[in-house]
Amino acid sequence: MKFEKTYYRYFEPFTISLGTHEDQENIEVRLELEDGTVGLGEASTLFVISGETVEIMMQAEKTVQEMVVGEHVESYGKLFSRLQQLRATPAIRAAVEFAIIDAFCKRIGIRPYQFFGGAKNHIETDLTVGIMDLESTLRKVKRIYEEGFRTIKIKVGRNFEEDVQRVVESRKIAPEAAFIVDANQAFSPKDAIEFARTLYSEKVDVVVYEQPVNRYNVEGLKLVRFHSPYPVAADESVFTKYDALRLIKEEAVDMINIKLMKSGISDALAIVHLAQSAGVQLMIGCMGESSLGINQSVHFAAGTGAFIYHDLDAHLSLNEKTFRGDFRQEGPHIYLD
């Protein structure tokens with residue numbers, strides 16, 4: 001088991017309510033079996049969301065090696081139980097778990113999406129517009145729409161009035177698109193409700209209102225949910241299956257955004273089952289993964305077939321020299337064929 005740092009630049013600065021990012025450091029995880037079979041995974045994180053850094057994740061290499069070396073990938077369940085100890089580094093846990101799955105699938109001659117259930121071999125993703133001025137927002141929305149994307153995610157949370165204008169004017173540029181509006185915890189419950197109602201009065205088709213308030217404010221999230229005209233989703237509020245269980249019991253959300261980088265694969269599977277049992281809808285998102293890391297979520301999403309919205313677009317914003325995903329992409333359409 002080897003860890004290796006990788007580095008990417010964004011094509012343009014990517015701004016959310018929590019900050020601006022111009023580059024991305026990830027970790028590639030490589031697992032080589034005795035017969036030469038290689039499984040690959042990638043860990044990607046944003047410090048402002050998860051508190052993980054590349055340096056912290058690299059320090060887990062020796063610990064992970066001690067957990068997995070000498071074990072068989074066929075015993076992936078036992079390995080996943082051990083890896084639960086990596087509570088402070090869920091992105092590393094996800095990468096290592098996928099590397100194990102990848103190696104196992106190669107050994108027995110199937111693909112990871114089949115391991116996850118084989119529900120389908122095609123998904124459709126949105127594309128995200130970060131926080132930028134109105135002119136830049138509309139220029140990017142126009143390009144995205146012309147490329148065939150019919151779900152567009154817009155980041156908000158820096159300026160109430162400007163954000164309303166950006167979303168309203170984007171709807172005019174992309175009249176047949178559905179919008180995901182993501183505040184990344186920026187609003188108070190009162191402002192979050194007002195923001196949603198303002199967009200609704202302008203007849204904007206918002207299909208997901210994502211993480212409008214602070215991740216720890218469960219009561220505030222519930223208040224927004226019961227006073228918003230749009231479905232409210234938790235993102236930063238849900239890392240573990242226990243987070244998901246609490247929000248479901250509190251009736252605080254309509255939807256949960258699962259990210260493998262927040263939850264690891266084993267907890268992500270548990271969250272899928274919890275949500276399905278409770279009638280809570282699901283979307284799947286990403287951090288700053290390259291095509292190698294997005295590949296993990298594509299296989300997970302297609303295999304489980306559990307998600308109504310897919311926000312798997314980080315690789316499209318990174319200046320990658322080589323595409324490394326085990327999928328084919330045409331605009332918003334991602335194929336595993």
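Each residue takes its place number in the sequence, starting with 1. Remember, predicted model here, so these are calculated numbers, not experimental data.
- Classification of Arg143 and Glu146 as a salt-bridged pair fails, no side-chain N sitting under 4.0 Å from a carboxylate O.
- Between Met255 and Val232 there is no side-chain heavy-atom pair separated by less than 4.5 Å.
- Between the OG atom in Ser188 and the CG atom in Asn217 there is a gap of 9.5 Å [rounded to 0.5 Å].
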> After noting the C-alpha distance and the side-chain angles of Ser290 and Asn26, does the key distance pass the side-chain hydrogen bond (donor to acceptor under 3.5 Å, both in side chains) rule?
Replying inline: CA-CA 8 Å; Ser290 71; Asn26 295 336; 4.9 Å; no
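- A heavy-atom distance below 4.5 Å is not found between the side chains of Tyr335 and Ile123.
- Considering Tyr113, Phe115, Phe116 as possible partners of Phe300, the one that fulfils the ring pair (Phe, Tyr, Trp, His ring centres under 6.0 Å) test is Phe116.
- Side-chain contact between Asp205 and Val207 is present, with heavy atoms from C-beta onward closer than 4.5 Å.
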>> Using the rule given for salt bridge (Lys or Arg N to Asp or Glu O under 4.0 Å), can you reason through Glu236 versus Lys262, listing the C-alpha separation, both sets of side-chain angles and the distance that settles it, and then say yes or no?
In response: CA-CA 8 Å; Glu236 291 96 322; Lys262 292 185 306 178; over 6 Å; no
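- Figure legend: cation-pi geometry between Arg171 and Phe179 absent, as NZ or CZ is not positioned both under 6.0 Å from the six-membered ring centre and within 45° of its axis.
- Between Asp126 and Lys153 no salt bridge is recorded (no basic side-chain N to carboxylate O distance below 4.0 Å).
- Between Glu124 and Arg150, no side-chain nitrogen of the basic residue sits less than 4.0 Å from a carboxylate oxygen of the acidic one, so the salt-bridge criterion is not met.
- Residues Leu221 and Phe226 do not share a hydrophobic cluster, clusters being chains of Ile/Leu/Val/Met/Phe/Trp/Tyr side chains in contact below 4.5 Å.
- With salt bridges taken as basic N to acidic carboxylate O contacts below 4.0 Å, one links Arg107 and Asp35.
- Between Ile152 and Ile180, every side-chain heavy-atom pair lies at or beyond the 4.5 Å cut-off.
- The side chain to side chain contact (heavy atoms under 4.5 Å, CB included) test with Ile131 singles out one residue from Thr15, Val156, Thr20, Thr137, and that residue is Thr15.
- Looking at Phe195 and Pro212, their side chains never come closer than 4.5 Å, going by heavy atoms from C-beta outward.
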> Would Thr6 and Glu25 satisfy side-chain hydrogen bond (donor to acceptor under 3.5 Å, both in side chains), going step by step from the backbone distance to the final call?
Replying inline: CA-CA 6 Å; Thr6 56; Glu25 269 195 300; over 6 Å; no
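- Cluster annotation: Val208 is not connected to Leu282 through the hydrophobic network of ILVMFWY side chains, with a link wherever side-chain heavy atoms come within less than 4.5 Å.
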>> Does Gln24 form a side-chain hydrogen bond (donor to acceptor under 3.5 Å, both in side chains) with Ser44? I'd like the steps, not just the answer.
In response: CA-CA 8 Å; Gln24 180 68 39; Ser44 177; 3.3 Å; yes
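- The 12-atom threshold is exceeded at NZ of Lys120, counting heavy atoms of other residues, nucleotides or ligands nearer than 6.0 Å.
- Within a 6.0 Å sphere centred on NZ of Lys142, other residues, nucleotides and ligands contribute 12 heavy atoms or fewer.
- Put simply, the residue from His333, His315, His310 that forms a ring pair (Phe, Tyr, Trp, His ring centres under 6.0 Å) with Phe327 is His315.
- In this model, no donor atom of one side chain and acceptor atom of the other lie less than 3.5 Å apart for Asp267 and Thr240.
- With respect to Glu330 and Arg328, a salt bridge is recorded, a charged nitrogen being found less than 4.0 Å from a carboxylate O.
- A donor-acceptor pair shorter than 3.5 Å can be found between the side chains of Glu97 and Ser266.
- For Arg30 and Glu4, the salt-bridge test fails: no basic side-chain N is under 4.0 Å from an acidic carboxylate O.
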> Going through the checks in order, is the salt bridge (Lys or Arg N to Asp or Glu O under 4.0 Å) test met by Asp163 and Arg166?
Replying inline: CA-CA 5 Å; Asp163 287 337; Arg166 290 172 57 238; 3.0 Å; yes
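- Distance CG/Leu318 to OH/Tyr7: 10.5 Å, rounded to 0.5 Å.
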>> Go through it in stages, so that I can follow the logic: the residues are Arg324 and Glu28, the test is salt bridge (Lys or Arg N to Asp or Glu O under 4.0 Å), and I'd like the CA-CA distance, side-chain angles, deciding distance and then a yes or no.
In response: CA-CA 12 Å; Arg324 302 183 67 197; Glu28 180 178 320; 2.6 Å; yes
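- With rounding to the nearest 0.5 angstrom, the OG atom of Ser317 is 8.0 Å from the CZ atom of Phe11.
- In the model, Asn257 has a side-chain atom that pairs as donor or acceptor with a side-chain atom of Glu210 under 3.5 Å.
- You'll find the side chain of Val64 reaches within 4.5 Å of the side chain of Phe3, heavy atoms only.
- Hydrophobic clustering (ILVMFWY, side-chain heavy atoms < 4.5 Å, transitive): Val298 and Met283 are in distinct clusters.
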